[in-house]
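Note: hydrogens, waters and symmetry copies are ignored here, and every other heavy atom, side chains too, is used.
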Amino acid sequence: MTPIARAALFLGALAVSAPALAAGDPVEGKTKAGMCRICHGIDGVARNPEAPNIGGEHFVYLQNQLRNFRSGKRTHEVMSVIAEGLSDEDIDDLSAWYSSIKFSVTVPE
Amino acid sequence: MTPAPVALLTGFAPFRHWAVNSSGAAARMLSAARPALAARILPVDHREAGAALDAALAAVSPDIALLTGLADEPCLRLERAARRPVHEGGAEDGDAAALHGVWPWAAALDAIRATGAPARLSQDAGRYVCETVYWRGLSAPRRPRLVAFLHVPPIGPDWPAARIAAAVGACLDAALGAAQNASSPAKSIASK
């Protein structure tokens, strides 16, 4: 295989795999996040001291964690039950919403 | 100062061999102890219970609704979802087959356990009047901000009414705390 053919194959593979990583509708996700808001906030800022802030977290990380809760690879008393009822589309939409949130950081002096 | 959230607590009337329904008994006890709490005892009938809940929601306009019922299990069971009741007929395409409660699940489980009572989260509200009422609460036109269904054990030697009421009260308090936190402004974060 020539270098150009190899490059074309690589780019083609990227084109196929990219939508799987970046899928999800943040507008739908915001609506679905009603079920998350009490612990994580609709804005991703946790309202519960035992829940993490998830606003601005990477899409892939959020998607992976929700999938892991659903499959049982990662367990949590509440999240495992909640994720059990989520479809792939729900997971992508929720991940799209929370990853779309911008946040700022202030490092202490 | 933000006004305190308005809370509605429901339990059920006696049915079958349950001469005392623990959910109704706990609701009565908590109502007597907390004058600001609106409590209602619902009949154990699919249609009548739904109508009674509608009336309670219209009269009270609660921010928080904790619906409770009896389940013969030595544990409090916090229900996450309600499936569409069979008697509501076939759903149209796009209609939800299940609706999900909104509640501070983890905080509520911790609060119940702090009273000494075992508790767990459940995805199956049981397909009886309890689930019908839960569905009705979740599909209400003026749905409260926080709605959940809590199954409680029957009254018995290990489960006096006061123990059940303490656990139900703790579950309610977790939501009251969360409702106040949720109404507080977010920190330095903004959506696109």
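Taking hydrophobic clusters as Ile, Leu, Val, Met, Phe, Trp and Tyr residues chained together by side-chain heavy-atom distances below 4.5 Å, I41(B) does not share a cluster with F149(B). Follow the hydrophobic side-chain contacts under 4.5 Å out from V27(A) and you never reach I42(A); the two are in separate clusters. Linking Ile, Leu, Val, Met, Phe, Trp and Tyr whenever their side-chain heavy atoms come within less than 4.5 Å puts L42(B) and L30(B) in one cluster. Transitive grouping of hydrophobic side chains (ILVMFWY, heavy atoms separated by less than 4.5 Å) brings V81(A) and M79(A) into a common cluster.
Interface residue I82(A): backbone and side-chain heavy atoms are both found under 4.5 Å from chain B. There is no contact between L78(B) and chain A, counting heavy-atom distances below 4.5 Å.
Pairing each heavy atom of C39(A) with each of P104(B), the nearest pair is SG-CA, 4.5 Å. When all heavy atoms are compared, the tightest approach of L121(B) to E77(A) is CD2-O, 4.1 Å. Shortest non-hydrogen contact noted between I38(A) and A178(B) is CG2-CB, 3.9 Å.
By the side chain to side chain contact (heavy atoms under 4.5 Å, CB included) test, D110(B) pairs with E50(A), R113(B), sequence neighbours left out.
Here M35(A) contributes atom CE and R80(B) contributes atom CZ; the two are 6.0 Å apart, rounded to the nearest 0.5 Å.
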